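Excluded from the calculations below are hydrogen atoms, water molecules and symmetry mates; all remaining heavy atoms, backbone and side chain alike, are included. Along the sequence shown, the residues carry numbers beginning at 1. The shown structure was predicted, so the numbers you read here are calculated from the model rather than taken from an experiment.
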Amino acid sequence: MTTMTETSARFREFKMPDVGEGLTEAEILKWFVQPGDTVTDGQVVCEVETAKAAVELPIPFDGVVHELRFPEGTTVDVGQVIIAIDVAPGSGDAPAPAAAAPAQEPAAEPEAEAEPKGRTPVLVGYGVAESSTKRRPRKGAAAAPEAAAVAAAVQAELNGHGTPAAPTAAPAVPVQGGRPLAKPPVRKLAKDLGIDLATVVPTGKDGIITREDVHAAAAPAAPEAPAAVAPPVASVPAVAEAPAVVSDSARETRIPVKGVRKAIAQAMVGSAFTAPHVTEFVTVDVTRTMKLVAELKEDKDMAGVRVNPLLIIAKALLVAIKRNPEVNAAWDEANQEIVQKHYVNLGIAAATPRGLIVPNIKDAHDKTLPQLAEALGELVATARDGKTSPAAMAGGTVTITNVGVFGVDTGTPILNPGESAILAVGAIKLQPWVHKGKVKPRQVTTLALSFDHRLVDGELGSKVLADVAAILEHPKRLITWA
């Protein structure tokens with residue numbers, strides 16, 4: 001029999017790391033391994049989403065996956081163990097990750113039950129079995145007998161409100177370690193169909209829930225009235241609790257606020273109510289800039305990089321900052337200081353499926369136009385693939401948000417926390433414009449600059465915005481002012 005000391009030496013636990021700057025939690029998006037899989041040092045085992053980005057986590061040692069501590073979709077605190085690895089497989093009997101099964105239970109069932117793929121953490125019937133390895137109990141776990149009692153109370157309450165009672169009483173759902181018996185594929189099916197396994201009557205051998213049982217439980221659920229019109233059900237949160245996914249009804253959709261969206265909300269509220277925002281606007285003729293973009297696309301020195309108006313606007317902002325360096329600063333509330341930055345990490349707001357993120361180009365002020373174009377292309381491609389790292393979003397000093405790609409004329413952007421200014425670029429449209437004393441069709445856009453009025457006065461903000469506009473109107477200033 002393996003001793004406790006041997007077990008500790010044989011099994012190594014990998015904890016949720018702080019993959020950002022002071023982050024306290026992350027959501028497990030996807031597991032790439034399952035119990036029994038062999039892993040090697042540096043192999044990616046899962047993808048997690050923090051408040052800043054989606055990040056792949058590599059395992060730091062070799063071995064065989066013994067147990068996944070949390071299912072996909074679970075938010076885990078930094079420092080909690082998420083996976084246990086058997087670093088000396090074959091050296092002896094491994095302790096079961098869950099409590100021993102009944103005598104008639106198949107020997108492989110405890111290991112299969114440890115597999116979390118497709119399992120949704122709900123309050124009913126979701127507990128943590130005791131094991132010989134140390135594990136934290138999950139929040140909100142409820143024993144299956146309590147779930148059955150609550151379900152019976154709900155049914156009785158419904159009967160009292162005119163809802164027909166079930167023809168026969170449903171037998172108790174067999175459980176193992178505080179949760180119903182079902183194999184991982186069945187758990188995933190239940191998750192996809194929104195079925196709580198604690199309410200499913202098993203027909204499989206030894207009380208195991210089968211796919212047919214889940215389909216049978218899902219079939220009568222369609223004609224039921226939404227929870228909003230059934231107060232007795234809504235009054236018992238243990239049964240009405242939904243998985244952490246989008247919840248739809250006939251009249252509304254509820255989406256859990258977490259991950260990037262939660263971070264955006266907190267950052268924007270903090271920025272809006274901490275830094276006194278001022279926004280100024282200017283409309284400018286960018287016809288010459290658009291001609292320059294067309295010429296650069298044909299230039300052999302720009303071959304292989306994407307050239308667009310945003311590239312010239314970014315360069316124009318960098319030149320304007322060089323001419324007005326005081327705008328590139330941050331407010332240090334704790335020390336009551338204005339921190340002047342002698343470098344520019346240029347943030348580019350990017351809309352992604354997970355929400356708005358603002359990665360930045362490090363030391364953008366030192367880059368040539370081809371280098372800046374290459375950096376912009378890589379930044380956008382990485383953001384679209386959802387692979388932007390927290391480090392790529394840290395340390396920004398000034399940001400550009402291009403609302404013009406949506407056909408919007410302009411906006412009043414909110415500062416990225418810790419930055420002093422943000423430039424919004426509107427749509428470039430052909431408009432009548434007075435040019436050399438005559439009304440002619442010209443390419444025109446509107447720029448909006450928001451800045452922190454604690455450290456940027458109106459004069460300074462106006463100079464920066466005016467310089468950007470002047471460069472876009474006459475892009476030769478990129479050379480004469482650089």
Side-chain angles (χ1 to χ4, degrees), residues 278-299 301-302 305-328 344 346-349 361 364-365 367-373 375-376 398-413 420-451 456-482:
V278 172
T279 304
E280 294 185 342
F281 308 88
V282 64
T283 302
V284 58
D285 176 4
V286 295
T287 304
R288 292 184 179 90
T289 288
M290 298 305 291
K291 290 181 179 178
L292 175 60
V293 169
E295 292 173 0
L296 288 175
K297 287 182 178 179
E298 303 299 325
D299 194 312
D301 291 332
M302 300 297 288
V305 296
R306 184 179 180 185
V307 179
N308 55 23
L310 180 60
L311 171 63
I312 307 303
I313 294 168
K315 192 64 176 178
L317 179 58
L318 292 171
V319 172
I321 293 172
K322 182 178 180 180
R323 287 166 54 86
N324 305 277
E326 299 84 2
V327 75
N328 189 43
V344 181
L346 182 62
I348 304 295
I361 300 172
H365 64 290
K367 297 188 182 299
T368 63
L369 196 63
Q371 291 172 340
L372 187 62
L376 272 172
V398 177
T399 292
I400 295 176
T401 177
N402 186 12
V403 297
V405 296
F406 306 108
V408 176
D409 291 334
T410 191
T412 54
S420 60
I422 179 171
L423 178 69
V425 181
I428 298 175
K429 300 178 180 179
L430 195 64
Q431 298 181 22
W433 192 263
V434 177
H435 177 66
K436 295 182 179 180
K438 296 181 180 179
V439 177
K440 295 183 178 181
R442 304 286 287 180
Q443 299 283 354
V444 177
T445 190
T446 300
L447 308 175
L449 182 72
S450 290
F451 50 86
V456 180
D457 295 332
E459 178 185 12
L460 176 59
S462 299
K463 285 182 177 179
V464 172
L465 184 59
D467 279 357
V468 174
I471 294 172
L472 296 181
E473 186 172 7
H474 297 283
K476 66 181 181 181
R477 292 184 172 124
L478 287 173
I479 300 174
T480 59
W481 288 1

Closest approach of Glu473 to Arg288 (non-hydrogen atoms, all atoms of both residues)
O-CD, 3.3 Å
Please check: side-chain N/O of Thr445 versus main-chain N/O of Gly426, any donor-acceptor pairing under 3.5 Å?
yes
Is there side-chain contact between Lys322 and Leu318, with heavy atoms separated by less than 4.5 Å?
no
For the student: nearest non-hydrogen atoms of Lys429 and Gly407, plus distance
NZ-O, 3.9 Å
Go through the steps for Leu478 and Leu369 under the test side-chain contact (heavy atoms from CB on, under 4.5 Å), then give the verdict.
CA-CA 10 Å; Leu478 287 173; Leu369 196 63; 5.7 Å; no
Less than 4.0 Å between a side-chain N and a carboxylate O, is that true for Glu459 and Lys463?
yes
Mind checking whether Val284 and Thr289 have side chains closer than 4.5 Å, heavy atoms only?
no
Minimum heavy-atom distance Ala364-Leu372, with the two atoms named:
CB-CD1, 4.3 Å
Apply side-chain contact (heavy atoms from CB on, under 4.5 Å) to residues Glu295 and Asp299 and explain how you reach the verdict.
CA-CA 6 Å; Glu295 292 173 0; Asp299 194 312; over 6 Å; no
Any side-chain to backbone donor/acceptor pair from Ser450 onto Pro413? Under 3.5 Å, distance only.
yes
Counting N and O atoms only, with roles assigned by atom type, does the side chain of Arg477 sit under 3.5 Å from a partner on the main chain of Ala470, one being a donor and the other an acceptor?
yes
Is there a side-chain contact between Ile321 and Leu317 in this structure, where contact means two heavy atoms from C-beta onward sitting under 4.5 Å apart?
yes
Do Arg323 and Ile471 make a side-chain contact, defined as non-hydrogen atoms from C-beta onward lying under 4.5 Å apart?
no
Shortest non-hydrogen contact from Thr279 toward Ala448:
CG2-CB, 4.1 Å
Are the side chains of Val286 and Pro309 in contact, using a 4.5 Å heavy-atom criterion?
no
Count the heavy atoms belonging to other residues, nucleotides or ligands that lie under 6.0 Å from CZ of Arg306, then report whether that count exceeds 12.
no
In short, Gly461 meets Val456 closest at the heavy-atom pair N-CG1, 3.7 Å
